[in-house]
J.: 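Got a structure for you, written out below as structure tokens; questions coming shortly.
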2 protein chains.
Amino acid sequence: MYPSIIVTVDVVLMTLCLDVLCVALIRRPNAPFAGELALPGGYVHAQEDGNAEDAAYRILREKMGIRPPYLEQLATFSGNRRDPRGWSASIAYFALVSPTTEATWQPVSKLQKLAFDHAAIIQAAVDRLRSKSAYSVLPAYLLPETFTLAELQKIYEQVLGSPLDKSSFRRKIKELDLLDQVAGSFQVGNQRPAQIYRLKKMMTFDRTLSQSAPRKAGRSGQ
Amino acid sequence: MYPSIIVTVDVVLMTLCLDVLCVALIRRPNAPFAGELALPGGYVHAQEDGNAEDAAYRILREKMGIRPPYLEQLATFSGNRRDPRGWSASIAYFALVSPTTEATWQPVSKLQKLAFDHAAIIQAAVDRLRSKSAYSVLPAYLLPETFTLAELQKIYEQVLGSPLDKSSFRRKIKELDLLDQVAGSFQVGNQRPAQIYRLKKMMTFDRTLSQSAPRKAGRSGQ
DNA sequence: ACAATAGTGTCTGTCAGACATTATAGC
DNA sequence: GCTATAATGTCTGACAGACACTATTGT
């Protein structure tokens, strides 16, 4: 009745390896683009996947063996030229994980030629991560579950690409009130130990980090 | 080979009617949801549409007879429960037009029950418009091609839901440098005539409008 | 004591909001 | 003159960045 359209889900899974933003890639075993590097992805399975997000989680479970702490829909890439098999729509997601996750990580800055339009999808994911990092705690998902403020600041500097002032950074993080102190501390050498934190369990992530912070509405009125 | 998946495009077409944010709806002639109100949408036509955005433009042309000055992909809504015919994916777009566009406009604040999950899609579009309005000139697309600064400010106040200071608003708009003066002026009564502006032709829209939320008065305390 | 990093206090330039003032039209 | 709106000028509180300062560990 209607010409069949290929519907797939692809996931841009990112982490920070040795202070470099990396993406997980898989070498394709089959055509098309056999042997080339590609994002983990696959067909939507109408029988098992309740929706596209379910499919993304299933694919990450099957192909990477993980369940990421952060996953969000990125955009849908579609058209008749991106897949030699025909008109296709790829619902792309991006996910962030701790660097302890096992995978074939590739720095996003030096990617070879990739299958399909996956290079463009990765670029969109990196742009989104960068732009959201300016006003959210997203980069914290690139760290292990617990971390120090110094580590967190370093992650932000890596993602944003510019150094941040320690005092201002801590002031902002405190205002956001998105971290919980964890009992215990972390120490590397002969130095003062650092307090350990973890992300608060919450449903919303898009609080403002810098500049456009909602100015402490609290004070106003009663 | 793979179970067929329904791929459609739906467009949330918005404007400002009498200072109220409205969305264009169409009464469905056919099942499913025959007779109910729904977003303009339709199947992707693999033969004619180069990609999903092309399909969105085609649908707006066929069903509304327009080509909007602003169109952006919103998100993809998918799953096995949103369409009684089976597993479906709707690539949703949102578009802004001038209020002179002919259509059946409905205020977004008082929507009846809609077909499919279109109420959720509209909510997502409104949220996106609101959040982008804080740091872009997007609301200008809700006006005719030329307008005065007073009209523009009123639009922003409508979309953002809070009054803005005239001086600050103009300072910001000037800094953004996104408007061109148009020869001529506009006058309503026995008053000083207002300068007329139009949007500059450009490719990027996401400049910063205001760095911070409007500060709540509070001359009172402290 | 020193070294090294964690964490805080203080100053200051900048800027958004508040609001006064001037400008331009018709009467 | 008056009224109404357009457009601009000026002041001020608040905040982000800069940076000096204190705190806490091991040797």
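Quick note on labels: first sequence line is chain A, next is B, and so on, each numbered from 1.
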J.: Can you pull out the residues from residues 143-150 of chain B that lie within a 4.0 Å heavy-atom distance of DNA chain D?
T.: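 Nucleic-acid contacts, sorted: B/Ala150.
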J.: What's the CG-P distance between A/Asp165 and C/dG13, to the nearest Å?
T.: 17 Å
J.: Is the closest side-chain donor-acceptor distance between A/Asp10 and A/Ser90 under 3.5 Å?
T.: yes
J.: To the nearest Å, how far apart are B/Ile173 CD1 and D/dT8 C1'?
T.: 16 Å
J.: Does B/Ser167 contact D/dG9 through a side-chain donor or acceptor facing the base, at a distance under 3.5 Å?
T.: yes
J.: Rounded to whole Å, please give me the gap between NZ in B/Lys174 and P in C/dA16.
T.: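 My rounded result for the distance is 15 Å.
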J.: With the sugar-phosphate defined as primed atoms, P, OP1 and OP2, and the base as all remaining atoms, what B/S/- string results for nucleotides 22-27 of chain D, 5' to 3', for protein heavy atoms under 4.0 Å?
T.: -BBBSS
J.: Can you check the A/Leu179 CG to C/dG7 C1' distance for me, whole Å?
T.: 15 Å
J.: Can you name the side-chain hydrogen bond (donor to acceptor under 3.5 Å, both in side chains) partners of B/Arg192, sequence neighbours left out?
T.: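 With neighbours one apart ignored, the set is empty.
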J.: For A/Phe147, which residues count as a ring-ring contact (aromatic ring centres under 6.0 Å, His included) partner, sequence neighbours excluded?
T.: none
J.: Is the shortest side-chain N/O distance from A/Lys166 to OP1 or OP2 of C/dT5 below 4.0 Å?
T.: no
J.: Given the ring of A/Phe94, does A/Arg128 sit roughly above its face, with NZ or CZ under 6.0 Å from the centre of the six-membered ring and within 45° of the axis?
T.: no
J.: If you only use heavy atoms from C-beta on, which nucleotide in C/dA16, D/dA16, D/dA7 is closest to the side chain of B/Arg170?
T.: D/dA7
J.: Report yes or no: is there a donor-acceptor pair, N or O only, under 3.5 Å between the side chain of B/Arg171 and the base of D/dG9?
T.: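 No pair found.
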J.: For B/Arg61, which residues count as a salt bridge (charged side-chain N to carboxylate O under 4.0 Å, His left out) partner, sequence neighbours excluded?
T.: none
J.: Can we say B/Glu145 and B/Arg198 salt-bridge, meaning some charged N sits less than 4.0 Å from an Asp/Glu carboxylate O?
T.: yes
J.: Take atom CD of B/Glu157 and atom C1' of C/dG17, then tell me their distance rounded to the nearest Å.
T.: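 Atom CD in B/Glu157 sits about 14 Å away from atom C1' in C/dG17.
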J.: Calculate the interatomic distance between B/Ile196 atom CD1 and D/dT5 atom P; express it in whole Å.
T.: 17 Å
J.: Holding to salt bridge (charged side-chain N to carboxylate O under 4.0 Å, His left out), I want the full list of residues that pass it with A/Arg82, two or more places apart in sequence or in another chain.
T.: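 By the salt bridge (charged side-chain N to carboxylate O under 4.0 Å, His left out) rule, A/Arg82 matches A/Asp117.
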J.: With a 4.0 Å cut-off, would you call B/Lys172 and B/Glu175 a salt bridge?
T.: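 Salt bridge flag = yes for B/Glu175 with B/Lys172.
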J.: Spell out, as yes or no, whether a donor-acceptor pair under 3.5 Å connects the side chain of A/Thr15 to the backbone of A/Val97.
T.: yes
J.: So, is A/Lys172 near the phosphate of D/dA16, with a side-chain N or O under 4.0 Å from OP1 or OP2?
T.: yes
J.: In whole Å, what is the span from the CZ atom of B/Phe169 to the C1' atom of D/dT5?
T.: 16 Å
J.: Please report the distance, rounded to the nearest Å, between CG in B/Leu160 and P in C/dG17.
T.: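 Whole-Å distance recorded here is 11 Å.
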